[in-house]
Amino acid sequence: MERIVIQGSAPLRGEVSISGAKNSALPLMAACLLTERPCRIENLPVLHDVKSFLDLLRGMGVQVESRGGSAELRADGLQRVEAPYDLVRKMRASVMVLGPLTARLGAAKVSLPGGCAIGVRPIDQHLKGLAALGAEIRLEGGYIHARAGRLKGAKIFLDLVTVTGTKNIMMAAALADGRTQIHNAAREPEVVQLAEVLGLMGAEVRGAGTDTVEVAGAPRLEGFEARIIPDRIEAGTYLLAGAVTGGDVCVTGVCPEHVGALTGKLADAGMDLREEGGRIYLKGDRPIRAVDFQTAPYPGFATDLQAQMMVLLSLAEGTSVLSETIFENRFMHAGELRRMGADIQVEGARAVVRGKGRLTGAEVMATDLRASASLILAGLAAEGETTVNRVYHIDRGYERIVEKLSALGGRIQRVT
Ligand code: EPZ
């Protein structure tokens with residue numbers, strides 16, 4: 001079992017380059033199922049989830065050539081239309097093959113993802129959208145069985161904002177006959193990149209980045225070439241690493257507007273931030289002020305940065321109140337941070353954090369990807385040694401995190 005061991009309280013200093021966004025790489029790989037033409041993706045992050053998704057596609061008969069950060073995918077010989085349980089349960093994003101397979105082949109068998117540590121995470125909206133496009137959806141044996149002739153454009157009103165739900169429906173609509181309108185759509189930058197790629201493939205997509213996305217489908221789609229946008233959650237995590245260690249960190253190769261909600265809150269917390277082109281500089285060697293915040297769909301404060309922000313608030317002077325409005329169980333890191341001396345009271349969807357100014361190292365356990373990032377940040381800020389167990393979570397979403405933090409002066413190592 002691998003663990004990460006950190007000697008804390010050294011201010012991080014220097015530059016860190018941000019990798020391609022995991023949550024854009026996954027839908028773009030799914031999009032290759034919409035065509036028999038070759039699709040080329042650059043700036044892929046080298047992550048466990050990207051590898052798992054490529055394995056899933058290979059299992060369906062997709063030809064995959066991947067070298068480091070780029071991949072060429074060709075779905076011209078699809079044999080299986082199945083995403084099996086043992087893969088989907090480990091990576092829920094696999095459910096994004098459902099829309100493309102149903103649209104391209106008229107058939108798909110995808111395991112229901114089941115629950116996960118941070119919440120129930122149903123996919124009812126994905127199914128509602130596909131059914132609206134004319135797919136026949138049957139749930140049996142823990143699997144979704146979808147069947148369809150040519151899908152037909154439709155007007156879809158989503159009951160709530162869902163990122164992968166919006167993407168699944170957009171991809172299916174790209175091969176549907178006629179126009180589809182998705183109301184209450186997710187507005188994430190990764191949705192915008194998918195819309196650009198579907199446009200390159202021959203669908204006509206308008207309104208991506210707003211709450212209404214319109215897709216005019218095409219009978220057949222071309223391949224595409226795309227370079228994955230920078231990972232805004234990774235960027236935010238490294239900015240917070242600089243803030244919690246009182247350091248001086250610059251993240252490079254980013255889109256500052258993608259992390260606007262975070263940088264705004266960091267400024268409110270007393271951090272000194274400067275943006276210049278694709279770089280954001282943070283100077284954190286100053287008193288940390290308590291701030292309140294709530295998570296929200298983009299462009300609001302990202303739920304994937306909530307756990308990391310809680311570490312900063314644990315070190316602040318004063319009391320902060322944070323609300324997690326996206327997932328119903330995303331405070332599991334609080335218990336582990338309390339073991340490091342944090343004073344956090346969880347009350348339903350709210351957490352009250354009484355800043356203590358310091359944390360002390362401990363042995364802790366990661367429960368999900370972003371919780372493990374927050375425990376690593378806490379270890380970097382704490383006095384003494386911290387050991388983070390179950391590091392397989394962290395390797396799903398952060399490329400070379402130990403190397404990148406070490407290069408910033410972090411005293412961190414991976415031990416088996
Ligand atoms: C995406 O998950 C991201 N994953 C998550 O990042 C991110 O936390 C989440 O969006 C919210 O921003 C990927 O893109 C691979 P949702 P997704 O559908 O699409 C409920 C990470 O750390 N809901 O937007 O699965 C759902 O339960 C991961 O990289 C329904 O009720 O999230 C949740 O409470 C973690 N029915 C809320 O909506 C549905 O049909 C938002 O979920 C769909 C969702």
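Counting convention: from 1, in listed order, for ligands and their atoms alike.
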Apply the side chain to side chain donor-acceptor pair (under 3.5 Å) test between Tyr398 and each candidate in His48, Lys404, Arg370; give the one that qualifies.
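Single pass found, and it is Arg370.
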Does a donor on one side chain sit under 3.5 Å from an acceptor on the other, for Gln306 and Thr295?
no
Distance-only donor-acceptor check, side chains Thr212 and Gln181, under 3.5 Å:
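There is no such pair between these side chains.
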Ring pair (Phe, Tyr, Trp, His ring centres under 6.0 Å): which pairs involve residues 192-215, sequence neighbours left out?
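Output for this query is empty, none listed.
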Excluding sequence neighbours, so at least two apart, what forms salt bridge (charged side-chain N to carboxylate O under 4.0 Å, His left out) with Glu222?
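So Glu222 forms a salt bridge (charged side-chain N to carboxylate O under 4.0 Å, His left out) with Arg37.
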Applying ring-ring contact (aromatic ring centres under 6.0 Å, His included), can you list everything that pairs with Phe157, at least two apart in sequence or on another chain?
His183
Hey, which residues fall under 4.0 Å of ligand 1 on heavy atoms?
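Answer by chain and number: Lys22, Asn23, Ala93, Arg121, Pro122, Ile123, Asp124, Gln125, His126, Leu160, Val161, Thr162, Val163, Thr164, Thr303, Asp304, Ile326, Phe327, Arg330, Leu369, Arg370.
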